[in-house]
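Take a look at the structure set out below.
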Amino acid sequence: MTEFKSHMPLALAEARAAAKRGEVPVGAVLTSADGRIVATTGNRMRELSDPTAHAEILAIRQACAAAGSDRLPGHGLWVTLEPCPMCAAAISAARIAVLYYGASDPRMGGVAHGARVFDHPQCHHRPQIYDGISAEASRDLLKSFFEARR
């Protein structure tokens with residue numbers, strides 16, 4: 001068994017990089033079953049003109065391509081914001097084992113709020129979920145990003 005290590009600092013760095021690109025500051029890190037980092041990214045919806053280019057989706061795509069598989073059993077996903085319903089469904093489809101997230105998202109979240117994707121009987125796979133990791137730093141980053149745009 002590998003020693004637990006938080007990858008939220010790297011996810012926050014990806015979120016800050018996204019903000020510098022003018023993207024909503026959300027960052028993600030995906031780790032393999034043995035704890036190796038296999039993908040890091042931030043939101044790129046504007047850059048790619050792609051409404052599905054959320055940090056979680058991009059990280060899942062990178063990790064699946066590297067693994068040569070559409071499933072990532074044993075993997076962990078670190079994300080700075082509660083995943084939306086689309087991302088939660090992708091997490092389930094990829095069979096990601098553990099989801100760690102920072103700030104909750106009462107308006108658009110799909111895990112603890114809104115659609116609660118993993119609670120539906122149609123959900124094929126439910127990851128272990130740990131929330132509130134570096135939540136204050138994640139919230140502060142989002143808050144300052146949106147305040148600067150008002």
Side-chain angles (χ1 to χ4, degrees), residues 2-67 70 72 74-119 125-150:
T2 59
E3 183 178 322
F4 177 81
K5 177 182 180 190
S6 175
H7 294 286
M8 198 57 81
L10 182 52
L12 283 162
E14 289 289 344
R16 286 190 288 277
K20 287 180 182 171
R21 294 189 303 270
E23 303 278 357
V24 174
V26 177
V29 175
L30 225 155
T31 58
S32 65
D34 64 4
R36 286 178 304 108
I37 294 171
V38 294
T40 63
T41 190
N43 277 354
R44 293 184 179 278
M45 295 172 294
R46 288 181 168 211
E47 176 186 334
L48 300 175
S49 300
D50 180 354
T52 70
H54 291 199
E56 302 95 318
I57 299 292
L58 296 173
I60 290 168
R61 288 176 184 164
Q62 286 176 21
C64 285
D70 61 340
L72 301 168
H75 286 61
L77 178 62
W78 300 80
V79 63
T80 58
L81 182 64
E82 175 183 350
C84 72
M86 173 185 69
C87 292
I91 291 164
S92 178
R95 307 301 197 264
I96 290 172
V98 187
L99 168 64
Y100 306 89
Y101 70 87
S104 62
D105 189 352
R107 191 170 81 75
M108 295 297 292
V111 176
H113 298 89
R116 297 180 187 230
V117 171
F118 304 128
D119 292 342
H125 170 79
R126 293 162 183 83
Q128 284 185 289
I129 301 167
Y130 298 94
D131 62 350
I133 301 170
S134 300
E136 187 174 353
S138 298
R139 271 192 306 275
D140 290 348
L141 184 56
L142 286 157
K143 184 178 176 184
S144 62
F145 176 82
F146 286 113
E147 282 177 351
R149 286 176 167 41
R150 290 186 186 129

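Hydrogens, waters and symmetry mates are skipped; everything else that's a heavy atom, side chains included, is used. Start at 1 with the first residue, then count along the sequence.
- Within a 6.0 Å sphere centred on CZ of Arg107, heavy atoms belonging to other residues, nucleotides or ligands number 12 at most.
- The two atoms that bring Ala137 and Leu12 nearest to each other are CB-CD1, 3.9 Å, heavy atoms only.
- Panel note: side chain Thr41, backbone Ala55; no donor-acceptor pair is recorded below 3.5 Å.
- A distance of 12.0 Å separates CD in Glu82 from OG in Ser138, rounded to the nearest 0.5 Å.
- Contact check for Met45 versus Pro51: no side-chain heavy atoms found under the 4.5 Å cut-off.
- Residues that satisfy the side-chain hydrogen bond (donor to acceptor under 3.5 Å, both in side chains) test with Asp50, not counting sequence neighbours, are Thr52.
- Atom-to-atom distance recorded for Leu72:CG and Leu77:CG is 9.5 Å, nearest 0.5 angstrom.
- Here CZ of Arg126 is found 11.0 Å from CZ of Arg95. Values are rounded to the nearest 0.5 Å.
- Residue His75 comes nearest to Val38 through the heavy atom pair CD2-CG2, 4.0 Å, listed as atom of the first residue, atom of the second, then distance.
- Counting heavy atoms from C-beta on, the side chains of Val26 and His54 never come closer than 4.5 Å.
- Side-chain contact between Asn43 and Pro25 is absent, with no heavy-atom pair separated by less than 4.5 Å.
- Contact check for Arg139 versus Leu142: no side-chain heavy atoms found under the 4.5 Å cut-off.
- Annotation: side chain of Ile60 is in contact with side chain of Ile96 (closest heavy-atom distance under 4.5 Å).
- When all heavy atoms are compared, the tightest approach of Ala135 to Gly102 is CB-O, 3.6 Å.
- Minimum interatomic distance between Ala63 and Ala39 (heavy atoms only, all atoms of both residues): N-CB, 4.2 Å.
- Here the straight-line distance linking atom SG of Cys87 with atom CE of Met108 works out to 10.0 Å at 0.5 Å rounding.
- Between Trp78 and His7, the angle of the ring planes goes over 60°, which puts this pair in the perpendicular group of the 30/60° scheme.
- Of all heavy-atom pairs spanning Phe145 and Ala19, the tightest one is CD1-CB, 3.9 Å.
- To the nearest 0.5 Å, atom OH of residue Tyr130 and atom CG of residue Leu99 are 11.0 Å apart.
- Checked against side-chain hydrogen bond (donor to acceptor under 3.5 Å, both in side chains), Ser134 has no partners two or more places apart in sequence or in another chain.
- In this structure, Arg46 places its CZ atom where only 12 or fewer heavy-atom neighbours from other residues, nucleotides or ligands lie under 6.0 Å away.
- Minimum heavy-atom separation, Gly76 to Tyr100: CA-CE1, 4.5 Å.
- Side-chain atoms of Ser104 do not come within 3.5 Å of backbone N or O of Pro106 as any donor-acceptor pair.
- For the pair Ile91 and Phe118, the minimum side-chain heavy-atom distance is below 4.5 Å.
- Annotation: side chain of Leu141 is not in contact with side chain of Thr80 (no heavy-atom distance under 4.5 Å).
- Crowding of Glu136 atom CD: a count of heavy atoms from other residues, nucleotides or ligands under 6.0 Å not exceeding 12.
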